[in-house]
Amino acid sequence: MKIYPCLRLLWIALAGSALVNLSALSSSITVSLVANIINLLCYGLITYVLYRLSDQSALFSRAFPACLTAVVLVGLGLVCTFFVSGSPMLFNFLSLLLMAGSIASLIGQYYMYWGLDERVISCGYAFPARRIRWCLYAPLIGAFASAFLMLSGMVLPGVVLQLACQFVPLVLLWQYMRAVREREDNPLTF
């Protein structure tokens, strides 16, 4: 199966999610809620891509249920935001839902990027091995560094750093897609 069309959908979903994350610069609750809904739709598209790729490797087949779990938990968390109005117990439940969804999303991304990395050598892509893993590392490092900056009182530099690190996967995945497309268009040059 050619995976380039699936990777193109994956890139579109990640680009949409990265652009929606720019709403973090806004302090409006309505903008944040709409951004979260659009972000959830983007992750739904990523889940669909992983479903399509799940027969390509064991890592993709592990990524699909993790990503599906993340979408369900975050979706349930968004529904719960309408009922949080003053109940501390419901607020704690919402926080746990969102944290569990984030952990499931990280696990799904781990399996997805390691599955993409696994194909580099076996399919002969002209892409350095282990570089695609930085699609997971860069946002995590950016999140920790930006949290440190925000706790130090430098909120705007922290937000800008986190948003910049969100665009690293787009660049790396674009390069990976070019290598995949080149291999799939010219399969005899292995």
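Atom set for the values below is all heavy atoms of this structure, side chains included, hydrogens, waters and symmetry mates excluded. The model shown is predicted, which means the values in this text are computed figures rather than measured ones.
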d(M177 CE, L10 CG) to nearest 0.5 Å is 8.5 Å
Main-chain N/O of A13 paired with S17 side-chain donor or acceptor, under 3.5 Å: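 The answer is no, because no donor-acceptor pair under 3.5 Å joins these two groups.
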Q. Within the distance-only criterion (no hydrogens, no angle test), does the side chain of Y176 pair as donor or acceptor with the backbone N or O of L116 below 3.5 angstrom?
A.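 Present.
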Report the C-alpha distance between L136 and M112 in whole Å, list the side-chain angles of each, state the deciding distance to 0.1 Å, and finish with yes or no for side chain to side chain contact (heavy atoms under 4.5 Å, CB included). CA-CA 10 Å; L136 178 69; M112 178 179 67; over 6 Å; no
Check: residues 67-80 side-chain donor-acceptor pairs under 3.5 Å, at least two apart:
from : atom 1 : to  : atom 2 : distance (Å)
T69  : OG1    : P65 : O      : 2.7

Over 12 non-hydrogen atoms of neighbours within 6.0 angstrom of CZ in F91: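 Not buried by this count: 12 neighbours or fewer within 6.0 Å.
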query: What do you reckon, is CE of M1 surrounded by more than 12 foreign heavy atoms closer than 6.0 Å?
result: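 Enclosed: over 12 neighbouring heavy atoms sit under 6.0 Å from CE of M1.
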Here the salt bridge (charged side-chain N to carboxylate O under 4.0 Å, His left out) pairs for residues 120-137, sequence neighbours left out, are D117-R133
Notebook entry, point to check: Would R119 and I3 count as a side chain to side chain contact (heavy atoms under 4.5 Å, CB included) if you check the C-alpha gap in whole Å, the side-chain angles of each, and the deciding distance to 0.1 Å?
Noted result: CA-CA 11 Å; R119 294 180 62 88; I3 68 164; 3.4 Å; yes
Side chain to side chain contact (heavy atoms under 4.5 Å, CB included) filter on S61, not counting sequence neighbours, yields S54, A58
Positive for side chain to side chain contact (heavy atoms under 4.5 Å, CB included) with Y4, one of R183, E184, R178, E182
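Considering R183, E184, R178, E182, a side chain to side chain contact (heavy atoms under 4.5 Å, CB included) with Y4 is found only for E184.
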Could you state whether V160 and V31 fall into the same hydrophobic cluster, counting links through intermediate Ile, Leu, Val, Met, Phe, Trp or Tyr residues with side-chain heavy atoms under 4.5 angstrom apart?
-> no
Which label fits Y51 and F64: parallel for a plane angle under 30°, tilted from 30 to 60°, or perpendicular past 60°?
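Plane angle between 30° and 60°, so tilted.
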